[in-house]
Amino acid sequence: MNIDDFGMDTITLAGPLEAKLRAVKAGGFSQIMLAARDIVGPPDGIEAAVAAVKASGLRVTGFQVLRDFEGLSGHLHGYKVDMAKSMIEMCAALESPLLLACSSTSQHATGELGAIARDLRKLAMLALPQRIRVAFEGLSGGRHINEYTTAWAAVEAADCPNLGLCVDSYHVFATNTPLEPLDDIDPAKIFFVQLADFMWSQVRTPEERRDVARSFRVFPGEGVHNAQMAELVLRLDRLGYRGDYSFEVFNDDYQQLPLATVAGRACRAAVWLAEDILRRSTPLPGRMQLRAR
């Protein structure tokens, strides 16, 4: 089964890069979201990692993650600009169309919207010569921007053509952010959607949100927010979103399981969303096609 609109994130899997790529492919997926640590980790260097990705036959949907970029000043800002340039170089080497940046958790970052928008505009302009889009994500543990609604306000204020929004279901559910404001967002400015759930109804503090986000996520259909997950995916579909979905599931237990087991759980999540929620027909035997062409 080749599930065109859903993919996996290498963060979800344990082991070396090439083993992760094989497991994702064998699990029926055609796309992969890459984490920087998987590219810099192989002993033969970045060039070998890039070659392995290209040889896998998987389509790269994005590269992550640039953290704590916006809202800094002085030498801290200069340092983060250097980090961004390096991330963009790796993103380009992978021929990834997208760089993911998440909202700052730094105590040194300002919450002034104009400063945040200025920095996001600078990041987007750095990526523009490489024809890379930047997707900005509001972390539920973010210091000033911790919901998709405030992340969207920053993206709107930055007003740059290759800057858009990443919607992450975990962070939406962790902050109990209503889904209705999605209807006011231009679907063309939603660049990426990440999907994950968790096992209890709510997380109450920013610290707890960060702990759950880093260690206790589960795949869609495995958590306790199935109704909200279904509403999110259906609302995005009705809105006109036709981009990629990726399973970003940080889970300490999954890091101790065989890769095929975790990829199988991801495949079940994709089938649940496709057949039970989106209820799209299958145009060819053995091939699940969700996106309108």
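We count residues from 1, following the sequence as given. Note that these values count all heavy atoms, side chains included, but never hydrogens, waters or copies made by symmetry.
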Next item on the list: Report the C-alpha separation of L195 and L273 in whole Å, then their side-chain angles, then the decisive distance to 0.1 Å, and conclude whether the side chain to side chain contact (heavy atoms under 4.5 Å, CB included) test is met.
Entry: CA-CA 11 Å; L195 299 177; L273 289 168; 3.7 Å; yes
Close side-chain approach of [X] and [Y], heavy atoms under 4.5 Å:
X: L163; Y: L123; result: no
X: I39; Y: F63; result: yes
X: D9; Y: V249; result: no
X: L13; Y: Y254; result: no
X: M229; Y: S169; result: yes
X: V203; Y: D211; result: no
X: F136; Y: L100; result: no
X: I185; Y: Y148; result: yes

Linking I/L/V/M/F/W/Y whenever any side-chain heavy atoms sit under 4.5 Å apart, do [X] and [Y] land together?
X: L128; Y: L120; result: no
X: F192; Y: W152; result: no
X: L17; Y: F29; result: yes
X: V193; Y: V233; result: yes
X: L76; Y: L66; result: no

Counting only heavy atoms from other residues, nucleotides and ligands, does the tally under 6.0 Å from [atom1] of [X] exceed 12?
X: E18; atom1: CD; result: no
X: M83; atom1: CE; result: yes
X: R67; atom1: CZ; result: no
X: R235; atom1: CZ; result: yes

Note to self: For Q194 and Y170: C-alpha separation, side-chain torsions, deciding distance, then whether side chain to side chain contact (heavy atoms under 4.5 Å, CB included) applies.
What the structure shows: CA-CA 8 Å; Q194 293 181 310; Y170 167 77; over 6 Å; no
Roughly how far, to the nearest 0.5 Å, is the [atom2] atom of [Y] from the [atom1] atom of [X]?
X: D119; Y: E112; atom1: CG; atom2: CD; answer: 10.0 Å
X: H144; Y: S106; atom1: NE2; atom2: OG; answer: 8.0 Å
X: R37; Y: T10; atom1: CZ; atom2: OG1; answer: 7.5 Å
X: D186; Y: L239; atom1: CG; atom2: CG; answer: 8.0 Å
X: K20; Y: L34; atom1: NZ; atom2: CG; answer: 9.5 Å

Donor-acceptor contact present, side-chain [X] to main-chain [Y], <3.5 Å:
X: R217; Y: A196; value: no
X: T105; Y: R143; value: no
X: N251; Y: V218; value: no

Check: If you measure only the distance, is there a donor-acceptor pair under 3.5 Å linking the side chains of T175 and T177?
Finding: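 Short answer, yes.
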Notebook entry, point to check: Q64 and E137: side-chain donor and acceptor closer than 3.5 Å?
Noted result: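 The criterion, which ignores hydrogens and geometry beyond distance, is not satisfied for E137 and Q64.
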Smallest separation among heavy atoms of [X] and [Y], with atom names:
X: T149; Y: P181; value: CG2-CB, 3.8 Å
X: P220; Y: A269; value: O-CB, 3.3 Å
X: H225; Y: W200; value: CE1-O, 3.2 Å
X: I145; Y: A154; value: CD1-CB, 3.9 Å
X: A49; Y: D38; value: CB-O, 4.5 Å
X: M8; Y: T12; value: CE-CG2, 4.1 Å

Salt bridge between [X] and [Y], side-chain N to carboxylate O under 4.0 Å?
X: E95; Y: K54; value: yes
X: R59; Y: D244; value: yes
X: R121; Y: D159; value: no

Notebook entry, point to check: Between I11 and V65, is a side chain to side chain contact (heavy atoms under 4.5 Å, CB included) present by the stated rule, with each step listed?
Noted result: CA-CA 11 Å; I11 282 174; V65 57; 5.8 Å; no
Notebook entry, point to check: Given the rule in the side chain to side chain contact (heavy atoms under 4.5 Å, CB included) test, do N146 and L139 qualify, once you have shown the distances and angles that lead to the verdict?
Noted result: CA-CA 5 Å; N146 49 36; L139 298 182; over 6 Å; no
Notebook entry, point to check: Taking the six-membered ring for Trp, are F247 and F6 parallel (under 30°), tilted (30 to 60°) or perpendicular (over 60°)?
Noted result: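 F247 and F6: parallel rings.
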Next item on the list: Have a look at I132 and tell me which of L99, N162, L98 forms a side chain to side chain contact (heavy atoms under 4.5 Å, CB included) with it.
Entry: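 Single pass found, and it is L99.
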Note to self: Cation-pi check for F219 against R265: NZ or CZ below 6.0 Å from the six-membered ring centre and within 45 degrees of the axis, yes or no?
What the structure shows: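 No - R265 does not lie over the ring of F219 by the 6.0 Å and 45° rule.
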